[in-house]
Amino acid sequence: MKKILMIFIASWVSSAVAAQAPAASISSPSKTLGVNFYLSATGEPSYKVFYKGKDVVADSRLGFDLKNQADMANGFKVVSTKATRVDQTWEQPWGEERFIRNHYNQLRVALREASGAKRKMDVVFRVYDDGIGFRYEFPKQASMESLEILHELTQFNMAADHAAWWTPAQAGNQYEYLYKQSPISKMGLVHTPVTMKTADGLYIALHEAALHNYSTMNVTGANAGNISATLVPISKNMPTAVRLPIPAVTPWRTLQIEESAADLMTNYLTLNLNEPNKLGDVSWIKPAKYVGIWWELHLEKTTWKSGEKHGATTANTKKYIDFAARHGFAGVLVEGWNTGWDGEWWLPGGGNAFNFYTPMPDFDVAELSRYAQQKGVYIIGHHETGAAIENYESQLEDAFAFLERYGMKAVKTGYVETGEELVNGLYHHGQFYVNHAQRVIDIAAKHKVAVVAHETVKDTGERRTYPNIISREVARGQEYDAWSADGGNPPNHTAILPFTRMLSGPMDFTPGAFELTLPSRPKNQVNTTLAKQLALYVVIYSPVQMASDLPEHYEQHPDAFQFIKDVAVDWETTRPLGGEIGEYVAIARKARNSDDWFVGALTNESARTLEVKLDFLDADKQYTARIYHDGKDAHYAKNPGSYGVKEMEVKTGDAISLQLAPGGGAAISLIAR
Ligand code: NOJ
């Protein structure tokens with residue numbers, strides 16, 4: 001009886017809230033999306049989101065639990081509301097789309113406590129036709145100089161318990177998990193972006209934008225599709241998640257909303273919510289393809305550590321420099337070049353041995369930088385920190401001066417850490433780490449170095465403001481195929497990433513395996529066909545793309561290698577051609593500074609036929625299409641190496657039919673004549 005009564009009261013309360021008149025409302029430029037802001041009788045703020053008149057987000061709380069001062073969760077009154085409109089188009093210095101339209105209506109609700117300290121807090125909503133963002137702002141005020149946030153109370157109560165695709169958060173392996181699908185109520189604590197599909201076929205991705213001086217927002221799913229923000233605490237023994245001086249703004253909480261999964265891939269909401277470029281002239285940041293001493297390490301053919309099998313020797317690096325120069329690659333990544341690799345660097349404290357400006361004796365950095373420069377390529381530096389951040393921070397200036405001195409225009413950073421995602425007791429995704437990542441970006445910019453960050457915090461679109469944070473890993477990349485005990489990434493992994501992880505930003509996935517069965521790793525295999533490896537260069541966006549396999553494997557397949565040599569890494573525009581989460585994806589991109597187009601299509605473990613309509617091609621041009629396709633007998637497990645290449649002349653309006661094998665794919669270059 002008690003239970004029934006409580007349910008009755010709960011539903012009565014929520015319908016009372018729902019029936020309440022909004023204190024303010026705003027809709028998107030073409031009125032597709034709308035947001036209502038409410039203040040309850042007790043002054044508790046909340047909001048709702050509508051798409052084409054239907055609830056997307058039901059009544060959801062806003063506010064904070066604070067330490068050492070009263071919570072900012074109720075007792076508010078609305079001081080003022082202000083609506084503004086913005087419609088600007090901005091240009092990305094590099095990217096998947098050159099010009100991006102930033103078109104939204106903004107509602108600023110200025111709140112103030114009705115009594116007591118009368119503290120102030122604004123809630124700012126930006127409503128686009130394809131999603132919303134909102135954040136909290138704490139204006140300068142006499143009664144509050146700083147705050148310590150224990151919990152952000154923000155909720156995202158979905159209208160129903162939708163299907164969701166997610167990876168677990170704070171589960172011990174950072175962001176490196178296979179995606180799972182479940183109803184929201186079953187997902188538990190997860191990372192964002194988390195992507196949902198409603199029963200009506202609407203796609204909603206929940207994430208955040210402009211994460212600066214704040215802790216990462218994870219989210220927790222509960223009954224009926226309720227989702228709540230769960231900030232990563234600063235440390236295990238300290239419940240505080242965020243310390244902020246005032247004035248301050250929080251990151252944007254974002255919902256990207258589309259009627260097809262494919263359209264999520266070109267939803268640029270999070271980029272739009274970041275500040276414009278703060279680095280000024282960024283012409284020194286160049287998208288590039290690279291090769292390197294990397295896959296041979298993961299295959300255990302050579303080692304990071306010193307000794308007979310050491311990979312990063314002067315001679316081996318010259319071999320890669322020669323290969324890069326011969327085939328037009330700009331960069332050569334070298335891992336294991338510095339001192340510190342000989343101990344158990346991946347265990348807590350092990351990373352303290354790393355030095356970021358002392359090469360191993362068999363790596364002649366001066367000679368190699370001269371040799372590379374003479375061949376028109378550059379070495380990509382590598383800073384594996386073993387998550388020993390204090391050790392890294394103490395060397396940052398010297399480390400980046402070293403990169404600059406030797407002409408290394410990019411660095412790959414790494415934060416391998418085993419266990420609980422704690423670094424000296426502090427959480428890897430908490431406010432302290434977010435600020436560390438920013439310090440690295442800043443110092444790298446000072447030395448004109450682009451950063452490709454592995455095991456870092458998730459992307460929330462910072463590349464718009466700091467275009468030298470050029471790519472990240474932050475998901476399971478191709479390295480798992482070499483050594484993961486579960487046999488590597490299953491075929492659906494890369495059919496999920498474009499609709500989930502990729503909504504956060506570019507990924508250094510490191511595709512390009514041509515030897516798909518791995519003789520030195522007999523328990524593992526790359527679970528794709530060779531043609532699918534090529535498709536990844538178009539599907540998984542990154543302005544730096546590695547050709548990760550060994551030079552000798554590319555030289556055995558010059559026809560397929562041609563695609564990797566031809567494919568662009570910087571794009572004028574991107575057109576989604578189709579896709580369904582975990583099933584398949586097809587996408588076309590037009591190169592910047594040429595009329596050529598490239599198409600990538602891939603499938604999960606099921607074979608399928610895709611019809612690619614070439615209506616995106618320029619009407620006044622003819623194109624030579626080179627199609628890299630699965631062989632008739634190709635199969636990701638049984639016959640991954642079977643592929644073919646064929647050529648045909650095409651024009652706009654034509655169509656190409658692609659037969660994708662189980663775990664297969666296809667890549668097309670469309671070269672304008
Ligand atoms: C993990 C990175 O993801 C991988 O690319 C790198 O080779 C190793 N750490 C060693 O730094």
Side-chain angles (χ1 to χ4, degrees), residues 167 172-178 290-306 309-312 316-317 320 331-347 350-356 360 363 379-389 391-392 399 410-419 421 423 428 437 440 451-459 470-485 488-489 493 497 501 506-513 518 520-521 524 526 536 540 542 544-550:
T167 52
N173 204 18
Q174 302 180 343
Y175 296 90
E176 300 188 0
Y177 289 92
L178 293 174
Y290 71 101
V291 294
I293 299 176
W294 181 76
W295 192 232
E296 61 176 66
L297 299 163
H298 287 265
L299 293 179
E300 292 188 326
K301 295 192 169 190
T302 56
T303 59
W304 283 274
K305 67 178 183 194
S306 63
K309 282 177 75 183
H310 184 218
N316 198 25
T317 308
Y320 277 87
V332 175
L333 168 70
V334 187
E335 295 198 2
W337 66 275
N338 57 327
T339 56
W341 290 93
D342 289 344
E344 291 176 317
W345 55 268
W346 57 91
L347 294 181
N352 286 320
F354 283 122
N355 182 288
F356 302 99
M360 292 222 208
F363 184 81
I379 294 172
I380 299 175
H382 183 231
H383 293 170
E384 172 57 63
T385 65
I389 289 178
N391 176 53
Y392 188 34
V411 67
K412 171 175 167 179
T413 57
Y415 296 85
V416 170
E417 157 295 322
T418 35
E421 301 176 3
V423 179
H428 183 281
V440 174
V451 178
V452 179
H454 282 222
E455 301 93 31
T456 186
V457 73
K458 69 187 179 185
D459 201 336
I470 197 160
S471 198
R472 309 183 194 216
E473 185 186 42
V474 187
R476 273 177 64 140
Q478 189 137 304
E479 62 185 2
Y480 276 75
D481 297 339
W483 40 254
S484 183
N489 298 325
H493 185 55
L497 291 177
R501 157 66 182 83
M507 178 171 180
D508 190 38
F509 185 81
T510 64
L518 308 171
S520 65
R521 293 283 203 171
N524 281 71
V526 179
L536 291 172
I540 306 284
S542 177
V544 284
Q545 287 281 23
M546 185 174 206
S548 60
D549 210 336
L550 312 183

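We count residues from 1, following the sequence as given. Counting starts at 1 for both ligands and their atoms, following the listed order.
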Verify side-chain hydrogen bond (donor to acceptor under 3.5 Å, both in side chains) between E300 and S520, making sure each step is shown before the conclusion. CA-CA 7 Å; E300 292 188 326; S520 65; over 6 Å; no
Which ligand 1 atoms, with their elements, are less than 4.0 angstrom from a heavy-atom of [X]?
X	answer
V416	1 (C), 9 (N)
E384	9 (N), 10 (C), 11 (O)
H382	11 (O)
E479	1 (C), 2 (C), 3 (O), 4 (C), 5 (O)

State yes or no: are the ring centers of F354 and Y392 separated by less than 6.0 Å?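 No, the ring of F354 stays outside the 6.0 Å limit from the ring of Y392, centre to centre.
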Which bit of W341 is near ligand 1, meaning a heavy atom under 4.0 Å away: side chain, backbone, both or neither? side chain
Which is closest to atom 2 (C) of ligand 1 in terms of heavy atoms, Q478, E455, E473? E455
Write out the residue and atom name of the closest protein heavy atom to atom 5 (O) of ligand 1, then the distance separating them to 0.1 Å. K412 NZ, 2.6 Å
Just to confirm my output: which protein heavy-atom neighbour is closest to atom 6 (C) of ligand 1, and how far is it?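 I find the closest protein heavy atom is E335 OE1, 3.4 Å.
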Let's go through H383 and W337 carefully: what are the C-alpha distance in whole Å and the side-chain angles of both, what is the deciding distance for ring pair (Phe, Tyr, Trp, His ring centres under 6.0 Å) to 0.1 Å, and is it a yes or a no? CA-CA 10 Å; H383 293 170; W337 66 275; 7.1 Å; no
Testing H454, R472, K412 one by one against D508 for a side chain to side chain donor-acceptor pair (under 3.5 Å), which residue passes?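 Answer to the side chain to side chain donor-acceptor pair (under 3.5 Å) test with D508 among H454, R472, K412: H454.
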Parallel, tilted or perpendicular, judged at 30° and 60°: which one describes the rings of W341 and W345? perpendicular
Donor-acceptor contact present, side-chain T510 to main-chain S548, <3.5 Å: no
